[in-house]
Amino acid sequence: MEVLKIATAGSVDDGKSTLIGRLLYDTKSLTDDKLEAIERSSRQRGYDYLDFSLATDGLVAEREQGITIDVAHIYFSTPTKSYIIADTPGHVEYTRNMVTGASTSQVAIILIDARKGVIEQTYRHFFINNLLKVKDVIVAVNKMDLVDYSEAVFNDIKRDFEALNAKSTYQEQQVSYIPVSALKGDNIVKRTEAMSWYTGDTILGHLENLEVADVHEKGQVRFPVQTVIRPKMDEYHDFRGYAGKIYGGSLKVGDNVTVLPSLTQSRVKEIYFFDKNYDEAVAGSSVNITLEDDINITRGDMLVKSNELPKIEKQITATVCWMDGKQLLPGTKYLVQHNTNKVLSKIDAIKNVVSTDYTGVADANNKLALNEIGEVSIKLSRPIYFDAYKDNKSNGSFILIDTQSNTTAGVGFIN
C-alpha cells in the first residue's frame, strides 16, 4: 500500500489539532478507548461538541495550554493509502520542530483561520515548506462556519495567499485551496451543502487523488550504502551485497555504476528485495544490490550511475536551521551526518540570517541563535559527495551533531 507523509502547520487556535482529530474520526481511525476518552473529557469541560484536538495533543502542557509544542506522528489508513501525519507546532519558538516534521513530508496542510486571514505566521509556515521543497501544499481555510460560510471571505484569503505564493522560487510546488470547518466536519472527509459554491475536493479527497509517485523527488539516482551483507553460510559462501535505500531515480540490472569516494566502476549484477530478485529498483526502495566486480565497499560509500556523478568537495555552503540553545559560531566543530557518511567539520562563516517572512536577509553578526535560519559556510575534514538540495533532497541535506553532547544541533540544506 502506498504511504503518504503529511505535515501540518497553523497558528495557535487555527484548529490544526481539531482538523486532524476530525480526519481520524470521520475515517473511523480512532480506537474505542480514545474515542471514549475524548467524549468523557469533552463532557467534563462542558462542551456541547467533541473536542477532537485531544486526539493529537499528547503532552500534558499541550492539553493544558491548548497549543501544539512537539511533533506528533499520527497514523491512519484508507482502503487505498496509508498516511503519516506530522502534527507540527506553528509558533516561532518551535520553528525547529516544524522543520523536523516537514523535512520528511511530501504534502503540507497549512491552516488559516477564516476570521484572521493570512498573517505573519502564515508567511513563515509557507516559507519553511518552500525551503524544504514540499511539492504539494493544501491551504485549508478553517472555521468557515464562523464567517457564515462566506465565499467572499474565502476568495479574499485565496487572493492574499496567491500574492504570497508569487514570492516563492519553487515553481514545481502545487498549491490547492479548500474551505473547511474542522469542528463541523465540513469538507474534511465529506462534502458539505453549507458551501455549495465550492466544487473542489475535500481534504481527504485531495489526498486520495494524489499519486504518491508524483510527490516523490525526481533526480539522479543516489544509493548510500548502509551495510555490507556477508551471510557467511555455505549456501551463500561468496555472497557480497550492499544494502541501502535508493533516492532520486532508479537502478537497473546492468547499469554502469561508480563507487564513491573511490571512483571504482562496476555494473549492477543483481537486485534483491528480501529473497526475491528484481530487474529494477525505483526511488524509495530499500534493497540489496550485488555488483559484477569484487570491490572494497563499506558503510558511508555511495553508488551512483557512472554518467551521473555528484559534486565531490571539502567545502559547502548551506541554509542551516539552528536547533540548539547554544549559538552557532565560526570556528566551532561539528560532525556532519550526510546520508550514511559522517565527517568532522568546522564552521567557516555565518553569512546572514534569512527572514522567514520573505523580506530578505539580515546581517547575522557571525552567529545563529535557536530557531534562526541562515546561510552558513562549512569546511569538511574530507570530501563528501553531494547535490544541491533543489536537485536531490536526500543527497543535498545533512544534520550537524555536537561532538561533545552528541545532540542534533542543526539541519542543513546545501545550496
Side-chain angles (χ1 to χ4, degrees), residues 6-20 22 67-68 87-95 98-99 101-102 105 107-184 186-188 191-192 194-203 205-207 210 354-362 371 373:
I6 307 163
T8 61
S11 304
V12 175
D13 293 332
D14 279 355
K16 181 164 50 66
S17 296
T18 302
L19 182 145
I20 297 171
R22 168 63 74 174
I67 62 172
T68 301
D87 183 20
T88 66
H91 198 273
V92 64
E93 292 179 39
Y94 307 115
T95 297
M98 184 179 172
V99 170
S105 298
V107 181
I109 301 175
I110 298 178
L111 259 76
I112 297 177
D113 188 325
R115 300 168 301 173
K116 301 175 184 177
V118 175
I119 59 175
E120 180 184 352
Q121 292 192 52
T122 310
Y123 277 65
R124 185 174 66 259
H125 302 156
F126 188 56
F127 176 88
I128 290 174
N129 280 290
N130 282 176
L131 175 65
L132 297 174
K133 300 293 185 286
V134 177
K135 195 168 185 179
D136 198 275
V137 173
I138 300 171
V139 178
V141 181
N142 191 27
K143 303 190 179 182
M144 289 296 295
D145 54 306
L146 300 182
V147 293
D148 297 324
Y149 298 105
S150 170
E151 181 180 7
V153 170
F154 173 75
N155 286 335
D156 286 344
I157 293 172
K158 181 179 178 180
R159 185 185 62 249
D160 291 344
F161 199 97
E162 285 178 339
L164 170 58
N165 189 24
K167 300 176 184 291
S168 170
T169 57
Y170 182 33
Q171 300 302 319
E172 293 80 8
Q173 193 170 56
Q174 301 295 318
V175 180
S176 306
Y177 303 88
I178 304 178
V180 302
S181 170
L183 188 64
K184 305 290 186 181
D186 297 319
N187 287 341
I188 305 298
R191 295 189 59 79
T192 176
M195 290 179 280
S196 57
W197 45 265
Y198 173 74
T199 57
D201 281 331
T202 62
I203 296 284
H206 181 90
L207 297 174
L210 279 178
V354 181
S355 299
T356 58
D357 59 359
Y358 289 93
T359 56
V361 298
N371 289 314
I373 298 173

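Put simply, CG on Asn371 and CE on Met98 are 12.0 Å apart, with the number rounded to the nearest 0.5 Å. For the atom pair CG of Asp201 and CZ of Arg191, the computed distance is 7.5 Å after rounding to the nearest 0.5 Å. The structure places CD1 of Ile157 at 11.5 Å from OH of Tyr177, a figure rounded to the nearest 0.5 Å. Lys116 contributes atom NZ, which lies 6.0 Å from atom CD1 of Ile119 (distance to the nearest 0.5 angstrom). Of the inter-residue distances, the one linking Asn187 atom CG with Leu19 atom CG reads 11.0 Å to the nearest 0.5 angstrom. The distance from atom OG1 of Thr169 to atom CG of Asn130, rounded to the nearest 0.5 Å, is 6.5 Å.
Residues Ile138 and Leu207 form a side-chain contact, since some pair of their non-hydrogen atoms from C-beta on lies under 4.5 Å apart. In this structure, the side chains of Val99 and Ile128 come closer than 4.5 Å at one or more pairs of heavy atoms. Val118 is listed as a side-chain neighbour of Tyr123, based on a closest heavy-atom distance under 4.5 Å. With contacts defined as side-chain heavy-atom distances shorter than 4.5 Å, the pair Val180/Ile203 qualifies. The closest side-chain heavy-atom distance from Met195 to Met144 is below 4.5 Å. Contact check for Asp186 versus Tyr149: side-chain heavy atoms found under the 4.5 Å cut-off.
Taking the six-membered ring where tryptophan is involved, the planes of Tyr358 and Phe126 are tilted, since the angle between them lies from 30° to 60°. Taking the six-membered ring where the residue is Trp, Phe154 and Trp197 present tilted rings, their angle falling between 30° and 60°.
The pair Asp357-Arg124 does not meet the salt-bridge criterion, since no charged nitrogen lies less than 4.0 angstrom from a carboxylate oxygen. Between Asp113 and Arg115 there is a salt bridge, since at least one side-chain N of the basic residue sits less than 4.0 Å from a carboxylate O of the acidic one.
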